[in-house]
Amino acid sequence: LPGLHIFAIAFTLEVSVGKTNTVTALNNSNVLLPCTFTTCIGFQDLVFTWYFNSTELVADPAPLPLQIYHGKIKNKATEPTLIWHNPRVEFVGSTTKKDNNISIVLNSVEFSDAGKYTCHVKNPKERNAQHNATIFLTVVHKMVETDNTVTLIIVGVVGGLIGLLILFMLIKRVVLFIIKKTQDGKKECLVSSSGNDNTENGLAGSKAEQKAPPKA
C-alpha cells in the first residue's frame with residue numbers, strides 16, 4: 001500500500017544528542033553541543049539547523065534570533081556547506097566519516113545562552129522526512145564539586161557490616177570446630193572407660209572361675 005510505504009520511509013531518519021540531553025558549562029567557556037543523525041536509505045541535499053529556545057519547528061528560513069547554525073550536505077561524500085551561523089557558533093562535526101556528526105561548539109558562553117538547543121534535520125531523499133533532538137544547556141558561575149561524603153559513609157557502613165559478617169562466620173566455624181573436638185574427646189573417654197570396666201570384670205570373673213570348689 002502506498003500509504004504504508006510513505007509511513008515506513010518517514011521513520012528511517014533519526015537524530016540523537018547522545019545518552020544525556022543536559023550539558024553544564026562554566027560561564028565564558030566553550031561548550032560542545034553534540035548531534036548525530038542516521039538514515040537507512042542515505043541522504044541527498046540534506047539540511048540541518050540548530051535552533052535556540054525554539055519550542056516548535058519553523059519554516060526555512062527561520063528568524064535569526066532562533067537560528068544559530070544552518071547547513072546543507074549534498075551527499076555522504078561531501079562535508080556540510082555553511083548557509084548561516086551565529087559568529088560564536090563553530091561547526092565541529094563531519095559527515096564523511098563513520099558517524100554523521102553535525103555537532104557544534106558554542107564559544108564564550110554567557111548566562112543568557114542557557115536554555116534549549118534543538119538539532120533539526122530534513123532529508124529530501126526521504127520525501128522531506130524531518131526529525132530533531134533537544135539538548136538543555138545550563139551556565140554556571142563555577143563548577144560545584146559533588147559531595148561524596150554520604151556515599152563514602154554508606155560504603156564504609158556496608159563494608160563494615162560485611163567485615164563483621166565474615167568475622168562472625170569465622171568465629172562460628174572455630175567454635176563449632178572446638179565443640180566437635182571436645183565431643184569427640186568425650187566419646188573416646190567414654191569408650192575407653194567402658195572397655196576398662198569390661199576388662200576388669202572379665203579378669204575378676206576369671207579369678208572367680210579359677211577358685212577351687214569348697215571341699216565338702
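Since the model is a prediction, treat every value here as computed from it, not as a measurement.
- Between His141 and Phe111, the angle of the ring planes stays under 30°, which puts this pair in the parallel group of the 30/60° scheme.
- The main-chain N or O of Asn30 is never found under 3.5 Å from a side-chain atom of Asn107 such that the two would form a donor-acceptor pair.
- In this pair, Tyr51 and His120 present their aromatic rings tilted. The plane angle is within the 30 to 60° band.
- Two residues are said to be in side-chain contact when any heavy atoms from C-beta on lie closer than 4.5 Å; Val121 and Asn132 fail this criterion.
- Of all heavy-atom pairs spanning Gln44 and Asn123, the tightest one is N-OD1, 3.4 Å.
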Legend entry - Derivation and outcome, side chain to side chain donor-acceptor pair (under 3.5 Å), residues His70 and Thr49: CA-CA 4 Å; His70 188 42; Thr49 310; 2.8 Å; yes
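- Hydrophobic clustering (side-chain heavy atoms under 4.5 Å, transitive across Ile, Leu, Val, Met, Phe, Trp, Tyr) keeps Trp50 apart from Val92.
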Inset, instruction - Could you walk me through whether Asn27 and Lys142 pass side chain to side chain donor-acceptor pair (under 3.5 Å), step by step? - result: CA-CA 7 Å; Asn27 183 42; Lys142 66 177 181 178; over 6 Å; no
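- In this structure, Phe37 and Ile102 have side chains that are in contact, with non-hydrogen atoms separated by less than 4.5 Å.
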Inset, instruction - Tell me, with the steps shown, if Lys125 and Asp45 meet salt bridge (Lys or Arg N to Asp or Glu O under 4.0 Å). - result: CA-CA 8 Å; Lys125 191 173 182 178; Asp45 295 325; over 6 Å; no
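- When side chains are defined from C-beta on, Thr95 counts as touching Ile73, because their heavy atoms get closer than 4.5 Å.
- Residue-environment remark: NZ (Lys74) stays at or below the threshold of 12 foreign heavy atoms within 6.0 Å.
- A side-chain N or O of Glu79 and one of Thr96 form a donor-acceptor pair less than 3.5 Å apart.
- Scanning both residues, Leu46 and Pro124, for their nearest heavy atoms gives CA-CD, 4.0 Å.
- A 4.5 Å side-chain heavy-atom check between Phe48 and Tyr69 finds at least one atom pair inside the cut-off.
- For the residue pair Ala129 and Leu13, the shortest heavy atom distance occurs at O-CD2, 3.4 Å.
- No side-chain heavy atom of Ser103 sits under 4.5 Å from any side-chain heavy atom of Leu33.
- In this structure, Leu137 and Leu106 have side chains that are in contact, with non-hydrogen atoms separated by less than 4.5 Å.
- Asp99 places no side-chain N or O within donor-acceptor distance of the main-chain N or O of Asn101, the cut-off being under 3.5 Å.
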